[in-house]
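A quick write-up on the structure given underneath.
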Amino acid sequence: MSFPVTRLRRLRKTPAIRAMVRETDVTADDLIMPYFVCPGEGVRNPIRSMPGNFQLSVDQLVQEVKELYQTGIEKILLFGIPEEKDQDGTVACSHHAIVPQAIKALKAVLPEVLIVADVCNCEYTEHGHCGTIVDGDVDNDVTLETLSRQSVVLAEAGADIIAPSDMMDGRVGAIRKALDDSGFKNTPIIAYSAKYASAFYGPFRDAAESAPKFGNRFTYQMDPANTDEALREVAEDIKEGADMVMVKPALSYLDVIHRVKSHFNMPVVAYNVSGEFSMVKAAAQNGWIDEQRIIKEILTSIKRAGADVIITYHAKEFVMNSKI
Ligand code: PBG
């Protein structure tokens with residue numbers, strides 16, 4: 001059948017009809033809200049390049065997550081800004097490190113909030129690279145050591161999920177083994193599997209104070225031009241024991257999300273990164289776009305492409321606005 005028997009506009013006639021046939025819906029259950037935790041008390045440093053986001057001390061973070069939980073969002077992702085950095089990121093391998101402290105404080109008052117702990121060295125190294133530098137480049141196998149130790153410390157503090165974002169080869173297997181050997185065989189891993197060397201991370205590096213002091217991340221993060229390679233990365237991570245896989249960034253990589261989802265029967269996470277967030281904020285502050293509609297359209301597109309879960313700085317605002 002075709003026109004005039006078929007009229008696709010019939011199913012667009014009223015809000016109720018449109019709601020009935022809507023294929024994709026984004027809800028609080030799909031979202032993870034990221035936070036940056038820093039030392040001190042009563043600290044709430046606005047992150048200039050990410051309006052509405054802050055570097056929060058532990059007490060402020062707890063307040064913030066309480067509010068978040070009341071909106072219906074029960075999942076967060078934590079990044080740490082340490083007091084001191086070192087050459088290989090071992091400052092993050094201690095129970096006194098900033099993120100383990102934050103996790104313990106959160107779990108004491110909000111045990112039901114699911115905490116995903118990002119694992120990487122770039123926030124903790126003086127040079128800002130994601131691993132230990134040997135002969136001018138990040139050494140893969142040496143770095144696996146610190147990543148494994150950091151993961152165990154985070155699990156011991158109470159992290160519900162470990163999420164390595166460093167892009168070293170073999171890190172999922174190394175972390176899985178370290179967790180299993182330390183009694184955390186039931187702690188899942190979300191692998192940042194297809195993580196691209198992207199300019200969209202710019203504002204995050206301000207927020208986490210993690211920009212590399214020399215060079216770039218091109219020898220470990222992926223070339224934005226490649227998608228076959230993304231499937232190889234995902235396949236490796238699954239073989240090594242990843243429970244969920246991630247594509248990052250999201251918007252310029254919707255094709256990658258779609259390919260990963262169709263190739264593997266795995267839960268797929270997409271990271272709607274800082275640059276994607278800040279571009280929306282900047283345009284909105286100029287009055288150039290309808291911000292709330294744009295956010296909804298963006299999150300819907302990421303889910304429609306195949307993501308089961310979306311990490312986004314828009315999470316709280318989106319859920320609050322969808323209730324109005
Ligand atoms: C750490 C890490 C980064 C992001 C998440 N984890 C930065 C980077 O790789 O440079 C970026 C997140 C964002 O831009 O929102 N490796």
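Note that this is a predicted model, so its numbers are computed, not measured.
Ion pair E64/K316 flagged as a salt bridge, since at least one NZ, NE, NH1 or NH2 atom sits closer than 4.0 Å to an Asp/Glu carboxylate oxygen. The pair K107-D160 meets the salt-bridge criterion, with a side-chain N (NZ, NE, NH1 or NH2) lying under 4.0 Å from an Asp/Glu carboxylate O. With respect to the salt-bridge test (charged N to carboxylate O, under 4.0 angstrom), the residues D308 and K261 qualify. A salt bridge is defined here as a Lys NZ or Arg NE, NH1 or NH2 lying under 4.0 Å from an Asp or Glu carboxylate O, and E317 with K281 meets this definition. No salt bridge links E229 with R232; every basic N to acidic carboxylate O contact stays at or beyond 4.0 Å.
The side-chain heavy atoms of C122 and R217, taken from C-beta on, include a pair separated by under 4.5 Å. V116 is listed as a side-chain neighbour of L114, based on a closest heavy-atom distance under 4.5 Å. Side-chain atoms of V26 and L31, non-hydrogen and from C-beta on, do get closer than 4.5 Å to each other. With contacts defined as side-chain heavy-atom distances shorter than 4.5 Å, the pair D243/I190 does not qualify. Side-chain contact between T146 and Q150 is absent, with no heavy atoms from C-beta onward closer than 4.5 Å. Residues F214 and I133 have side chains in contact (heavy-atom distance under 4.5 Å, counting atoms from C-beta outward). In this structure the side chain of E112 reaches within 4.5 angstrom of the side chain of Y69, judged on heavy atoms. L231 is listed as a side-chain neighbour of F264, based on a closest heavy-atom distance under 4.5 Å.
Atom CZ of residue F36 and atom OG of residue S210 lie 8.5 Å apart, to the nearest 0.5 angstrom. Remark: R149 CZ to L154 CG distance equals 12.5 Å, nearest 0.5 Å. Rounding to the nearest 0.5 Å places CD1 of I295 at 7.5 Å from CD1 of I289. Put simply, CD1 on I32 and CD1 on I76 are 10.0 Å apart, with the number rounded to the nearest 0.5 Å. To the nearest 0.5 Å, atom CZ of residue R176 and atom OG of residue S148 are 11.5 Å apart. The distance from the CG atom of L179 to the OG1 atom of T187 is 6.0 Å, given to the nearest 0.5 Å.
When all heavy atoms of M33 and A315 are compared, the pair lying nearest together is SD-CB, 3.8 Å. The two residues P39 and S57 make their nearest non-hydrogen contact at O-CB, 4.0 Å. Closest approach of T312 to P34, counting heavy atoms only: O-CD, 3.4 Å. When all heavy atoms of K185 and D180 are compared, the closest pair comes out as CA-OD1, 3.2 Å. Considering all non-hydrogen atoms of both residues, G306 and V268 come closest at O-CB, 4.0 Å. Residue P224 comes nearest to A197 through the heavy atom pair CG-O, 3.6 Å, listed as atom of the first residue, atom of the second, then distance.
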Could you check E74 against D29 for side-chain contact (heavy atoms from CB on, under 4.5 Å), going step by step and ending with a plain yes or no? CA-CA 8 Å; E74 47 193 15; D29 286 341; 4.2 Å; yes
M266 vs M244, side-chain contact (heavy atoms from CB on, under 4.5 Å): CA-CA, chis, key distance, verdict: CA-CA 6 Å; M266 291 287 287; M244 300 174 76; 5.8 Å; no
Between E156 and H95, is the side-chain contact (heavy atoms from CB on, under 4.5 Å) condition met? List the steps. CA-CA 8 Å; E156 281 169 352; H95 295 287; 2.7 Å; yes
Apply side-chain contact (heavy atoms from CB on, under 4.5 Å) to R12 and I17, showing your working. CA-CA 6 Å; R12 293 179 202 143; I17 289 181; over 6 Å; no
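Using a 3.5 Å distance cut-off with no hydrogens or angles, the side chains of Q55 and E209 do pair a donor with an acceptor. A donor atom on one side chain and an acceptor atom on the other are not found under 3.5 Å apart for T132 and D139. Side-chain contact of Y192 with D118: a donor-acceptor pair under 3.5 Å is present, judged by distance alone. Side chains of D237 and S193: a donor-acceptor N/O pair is present below 3.5 angstrom, by distance only. T125 and N121 share no side-chain donor-acceptor pair at under 3.5 Å. One side chain, T227 or R259, offers a donor N or O that lies under 3.5 Å from an acceptor on the other.
L78 and V309 are not part of a single hydrophobic cluster, where members link through side-chain heavy atoms under 4.5 Å apart. Both V234 and V256 sit in one connected hydrophobic cluster of ILVMFWY residues. Membership requires side-chain heavy atoms under 4.5 Å apart, directly or through other members. No single ILVMFWY cluster, assembled from side-chain heavy atoms under 4.5 Å apart, contains both V269 and I298. Tracing side-chain contacts under 4.5 Å through hydrophobic residues (I, L, V, M, F, W, Y), one never reaches Y253 starting from M279; they form parts of separate clusters. Cluster annotation: M222 and Y220 are assigned to the same hydrophobic cluster (Ile/Leu/Val/Met/Phe/Trp/Tyr, side-chain heavy-atom contacts under 4.5 Å, transitive).
Note that K248 lies in the cation-pi zone of Y201, set by a 6.0 Å cut-off to the ring centre and a 45° limit from the axis.
Under a 3.5 Å cut-off, the side chain of S278 and the backbone N or O of G275 do not form any donor-acceptor pair. Side chain of E240 to main chain of V172: a donor-acceptor pair is present (N/O by atom type, distance under 3.5 Å, no hydrogens or angles). Between the S274 side chain and the F204 main chain, a donor and an acceptor come within less than 3.5 Å of each other. Panel note: side chain D223, backbone A225; a donor-acceptor pair is recorded below 3.5 Å. Listed for the D181 side chain is no donor-acceptor partner under 3.5 Å among the backbone atoms of A178. Of the possible donor and acceptor atoms, one in the side chain of T71 sits under 3.5 Å from a partner among the backbone N and O of L68. Proximity of a side-chain donor or acceptor of E276 to a complementary backbone N or O of V273 within less than 3.5 Å is detected. Distance alone, capped at 3.5 Å, places no donor-acceptor pair between the H129 side chain and the G131 backbone. Within the 3.5 Å criterion, the main-chain N or O of V319 finds a donor-acceptor partner in the side chain of S322.
Other residues, nucleotides and ligands place no more than 12 heavy atoms under 6.0 Å from the CZ atom of F218. In the displayed structure, H258 atom NE2 is contacted under 6.0 Å by at most 12 heavy atoms of other residues, nucleotides or ligands. Within 6.0 Å of atom NZ in K177, 12 or fewer heavy atoms from other residues, nucleotides or ligands are found, so the atom counts as exposed in its surroundings. Counting non-hydrogen atoms of neighbouring residues, nucleotides and ligands closer than 6.0 angstrom, the NZ atom of K213 exceeds 12 such neighbours. Within a 6.0 Å radius of CD in E83, no more than 12 heavy atoms belonging to other residues, nucleotides or ligands are found. Taking a 6.0 Å sphere around CD of Q87, one finds it holds more than 12 heavy atoms contributed by other residues, nucleotides or ligands. Within a 6.0 Å sphere centred on NZ of K296, heavy atoms belonging to other residues, nucleotides or ligands number 12 at most. Taking a 6.0 Å sphere around CZ of R10, one finds it holds more than 12 heavy atoms contributed by other residues, nucleotides or ligands.
Y313 pairs with exactly one of F318, F277, Y35 by the side chain to side chain contact (heavy atoms under 4.5 Å, CB included) rule, that one being F277. A side chain to side chain contact (heavy atoms under 4.5 Å, CB included) with N140 is found for one member of V142, L144, V138 and no other, namely L144.
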